[in-house]
Amino acid sequence: MRDALTAGTISISGHGGDEIEAYLAHPFGPGPFGSVVVIHHMPGYDEPTKEIARKFAAHGYAALMPNLYDREAPGASPDDAAATARARGGVPDERLIGDVGGAAAYLRAMDGSNGKVGVIGYCSGGRQSFLAACSLQLDAAVDCYGAFIVNVPPEGMPLKITPIVGLAKDLSCPLLGLFGADDQYPAPAETAELARELTALGKTHEFHTYDGAGHAFFAVNRPSYRADAANDGWAKIWDFYGRFLVG
Amino acid sequence: MCTSLTEKIDVTGSGKGSAGWFELSEATVYFDHPQHAQAEHTLNIDFLNPANGPSARVAVELTEASAHALARAIDATLEAAPPGLT
């Protein structure tokens, strides 16, 4: 495997033509390579998620992570930006679609791109990955423990989001779902309902729910990290993207 | 993103952030995943002045026991303060 890569912050055109900050990591060499839009978790455009982008590059994919909070908090530290975005109700769905669409267009236009673009998101980004895959023409989507695709957020939650399972009929690509059996948001009942809906619609998907894991089991810097689930989850991701983004 | 309660209050006072002291105008209190504390969930308090931008923020992330202890300590300290000084 070629594992040389380059990574750094760039500016891309996001929703409404806004110039937003984004973190690009891509393999050295002429390609061809598939690409992934990485949607950061609710704690923001942070170091651990940049590390995830570099991991994709080390595995031969170009990865681009837009800073979804750039408008609320340009130049602020990721945690301050996340607090501001949280207080304002999170990222509007329409804007998310525009930002992911801008990132996907950037990746497709890169020298060496094979034209195939996937998406992956963690936590709130899991729901947003599904949203993007139902709203844009993509080639593979991964939802890592995204809640409120099916269920309504609890009363009092600051996020101004609504269920989007009704968009499932427009899912443009295969969907891989990776969840924890001990997670409450999303609880296994919610992901099971999503799986039933996708099956009824004939949409290609595969869901895996790990025993002994809760929310954020991929997060290596948090006590929620579960090595067994994360290792198997990464293996599932490489297999899934290998089938739909390579070649 | 996984819990519901968020309390937002107006406050008067000052906080010391990364750029020094600034006037506070509000605080939010919520129970959610922390940014830094090594716990699944923590009681988080942000002391803010949004008019000064996102970086005008003093943040703490406390375990549930620590948060209860803090709340008791605040109440006890205020109750013990001589009348007329608060």
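Here is the naming used below: chain letters follow the sequence lines, and residue numbers restart at 1 for every chain.
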For [X], does the [atom1] atom have more than 12 heavy-atom neighbours from other residues, nucleotides or ligands under 6.0 Å away?
X        : atom1 : value
A:Asp228 : CG    : no
B:Glu64  : CD    : no
A:Glu206 : CD    : yes
B:His36  : NE2   : no
A:Glu19  : CD    : yes

Nearest 0.5 Å, what's the [atom1]-[atom2] distance between [X] and [Y]?
X       : Y       : atom1 : atom2 : value
B:Asn44 : A:Asp79 : CG    : CG    : 11.0 Å
A:Arg86 : B:Thr6  : CZ    : OG1   : 4.0 Å
A:Asp80 : B:Asp46 : CG    : CG    : 8.0 Å

- prompt: Who among A:Ala81, A:Ser224, A:Ala76 has the most heavy-atom pairs with chain B under 4.5 Å?
  reply: A:Ser224

- request: Output the residues of residues 54-62 of chain B for which the shortest heavy-atom distance to chain A is under 4.5 Å, in residue-number order; output 'none' if no such residue exists.
  value: B:Pro54, B:Ser55, B:Arg57

statement: Nearest heavy-atom approach of A:Ala82 to B:Gln35 is CB-NE2, 3.7 Å

message: Quick check on the interface: out of B:Ala37, B:Pro34, B:Ser18, who has the most heavy-atom pairs with chain A under 4.5 Å?
response: B:Pro34

message: Only heavy atoms, only distances under 4.5 angstrom. Which residues in residues 216-223 of chain A are near chain B?
response: A:Asn221, A:Arg222, A:Pro223

